[in-house]
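Just so you know, residue 1 is the first one in the sequence shown, and it goes up from there.
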Amino acid sequence: GNYFDSDPFQEAATQWEYNVKSMHAIATSNGAEYFVFLQPTMGLNTNQIPKNKESNDYKIYKNLPPYYEKNINNLYKELRLKCQKLEYCIDISYKVTPEGDLYSDARHHNDKGNKKMAKIFK
């Protein structure tokens, strides 16, 4: 297809895949083990939508632009497909859900969220 037929989410996921494969190759050539994680991100339909309307996480969520949720879900659909094919990619996007005050912004956990995330890696 031509330029106007392209899917920006597929293009972004392809760029991510290229970057991840490049980092893996660099790490391997230096004798290092390499892993990449698909991080949890607010707004993913699976379970990253805060339920407690009084929470700090919900305040962040309700201030997201209207297109954000659709876009992040479209992107992650593509990223998950690519991640599944890489033995060094670990999808943790279903973990550490916005249960109150775990996010600092829509894409990143705060200290409390990061502490919960660290337990995944033990």
Side-chain angles (χ1 to χ4, degrees):
N2 66 33
Y3 174 78
F4 297 105
D5 294 335
S6 65
D7 177 345
F9 304 107
Q10 206 165 21
E11 284 182 21
T14 299
Q15 184 63 57
W16 172 86
E17 180 185 40
Y18 174 83
N19 293 343
V20 163
K21 285 180 172 180
S22 296
M23 291 302 300
H24 180 256
I26 292 166
T28 302
S29 72
N30 285 292
E33 207 169 358
Y34 177 80
F35 295 97
V36 64
F37 298 87
L38 270 189
Q39 72 179 42
T41 298
M42 197 176 286
L44 292 177
N45 287 335
T46 49
N47 62 353
Q48 294 295 343
I49 297 171
K51 291 173 181 56
N52 178 354
K53 291 189 180 355
E54 305 301 311
S55 70
N56 191 57
D57 287 343
Y58 188 80
K59 285 180 193 133
I60 294 168
Y61 174 72
K62 77 171 192 203
N63 285 312
L64 293 173
Y67 55 83
Y68 174 86
E69 208 167 325
K70 180 178 172 239
N71 288 355
I72 200 68
N73 280 285
N74 284 331
L75 176 61
Y76 265 68
K77 189 178 104 195
E78 299 295 333
L79 291 176
R80 286 178 176 138
L81 290 171
K82 294 191 179 300
C83 182
Q84 287 169 6
K85 295 176 183 163
L86 302 171
E87 67 277 1
Y88 48 88
C89 184
I90 301 156
D91 182 0
I92 59 166
S93 63
Y94 303 97
K95 311 253 185 196
V96 192
T97 58
E99 297 162 357
D101 181 24
L102 296 179
Y103 275 85
S104 62
D105 63 37
R107 298 298 304 269
H108 303 99
H109 284 84
N110 60 23
D111 288 348
K112 288 183 205 169
N114 285 332
K115 281 187 178 124
K116 282 187 157 226
M117 197 112 56
K119 291 178 180 161
I120 295 168
F121 303 119
K122 280 190 172 179

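Sorted pairs that involve residues 33-80 and meet disulfide (SG to SG under 2.5 Å), not counting sequence neighbours, are lacking altogether. For residues 50-64, there are no salt bridge (Lys or Arg N to Asp or Glu O under 4.0 Å) pairs, not counting sequence neighbours. Sorted by first and then second residue, the disulfide (SG to SG under 2.5 Å) pairs involving residues 11-62 (not counting sequence neighbours) form an empty list. Residue pairs meeting the salt bridge (Lys or Arg N to Asp or Glu O under 4.0 Å) criterion with at least one member in residues 19-46, sequence neighbours excluded, are Glu17-Lys21.
Minimum heavy-atom separation, Leu75 to Ala13: CD1-N, 4.3 Å. What you find for Lys82 and Trp16 is that their closest heavy atoms are CB-CZ3, 4.0 Å. Closest of all the heavy-atom pairs between Gln48 and Lys95 is NE2-O, 2.8 Å. The two residues Asp105 and Tyr103 come nearest to each other via the heavy atoms O-CD2, 3.1 Å.
Note that NZ of Lys70 and CZ of Phe9 are 6.5 Å apart. Values are rounded to the nearest 0.5 Å. Rounding to the nearest 0.5 Å places SG of Cys89 at 11.0 Å from CZ of Phe35. Atom-to-atom distance recorded for Glu69:CD and Asn45:CG is 6.0 Å, nearest 0.5 angstrom. Atom CG of Asp101 sits about 7.5 Å away from atom CD1 of Ile60, to the nearest 0.5 Å. How far OG of Ser55 is from CG of Leu102: 9.0 Å, rounded to the nearest 0.5 Å. The line from CD1 of Ile49 to CG of Leu44 is 8.0 Å long, rounded to the nearest 0.5 Å.
There is no path of hydrophobic side-chain contacts, each under 4.5 Å, that joins Ile90 to Leu81. Linking Ile, Leu, Val, Met, Phe, Trp and Tyr whenever their side-chain heavy atoms come within less than 4.5 Å leaves Val20 and Tyr18 in two separate clusters. Under the 4.5 Å side-chain contact rule for hydrophobic residues, Leu64 and Tyr58 share a cluster.
Residues Val96 and Lys119 are not in side-chain contact: their nearest non-hydrogen atoms beyond the backbone lie 4.5 Å or more apart. Two residues are said to be in side-chain contact when any heavy atoms from C-beta on lie closer than 4.5 Å; Tyr68 and Asn71 fail this criterion.
Heavy atoms from other residues, nucleotides or ligands lying under 6.0 Å from CG of Asp111 number 12 at most.
Scanning for ring-ring contact (aromatic ring centres under 6.0 Å, His included) contacts around Tyr88 gives His24, Tyr34, with sequence neighbours left out. Asp91 pairs by the side chain to side chain contact (heavy atoms under 4.5 Å, CB included) definition with Leu38, Arg80, Cys83, Ser93, Tyr94, not counting sequence neighbours.
In this structure a side-chain-to-backbone donor-acceptor pair under 3.5 Å is missing from Asn30 to Ala32. Side chain of His109 to main chain of Lys116: no donor-acceptor pair is present (N/O by atom type, distance under 3.5 Å, no hydrogens or angles). Side-chain atoms of Glu78 never come within 3.5 Å of backbone atoms of Pro8 as a donor-acceptor pair (strictly under, hydrogens ignored).
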The test is side-chain hydrogen bond (donor to acceptor under 3.5 Å, both in side chains); show your working for Asn19 and Gln15 and say whether it passes. CA-CA 6 Å; Asn19 293 343; Gln15 184 63 57; 3.1 Å; yes
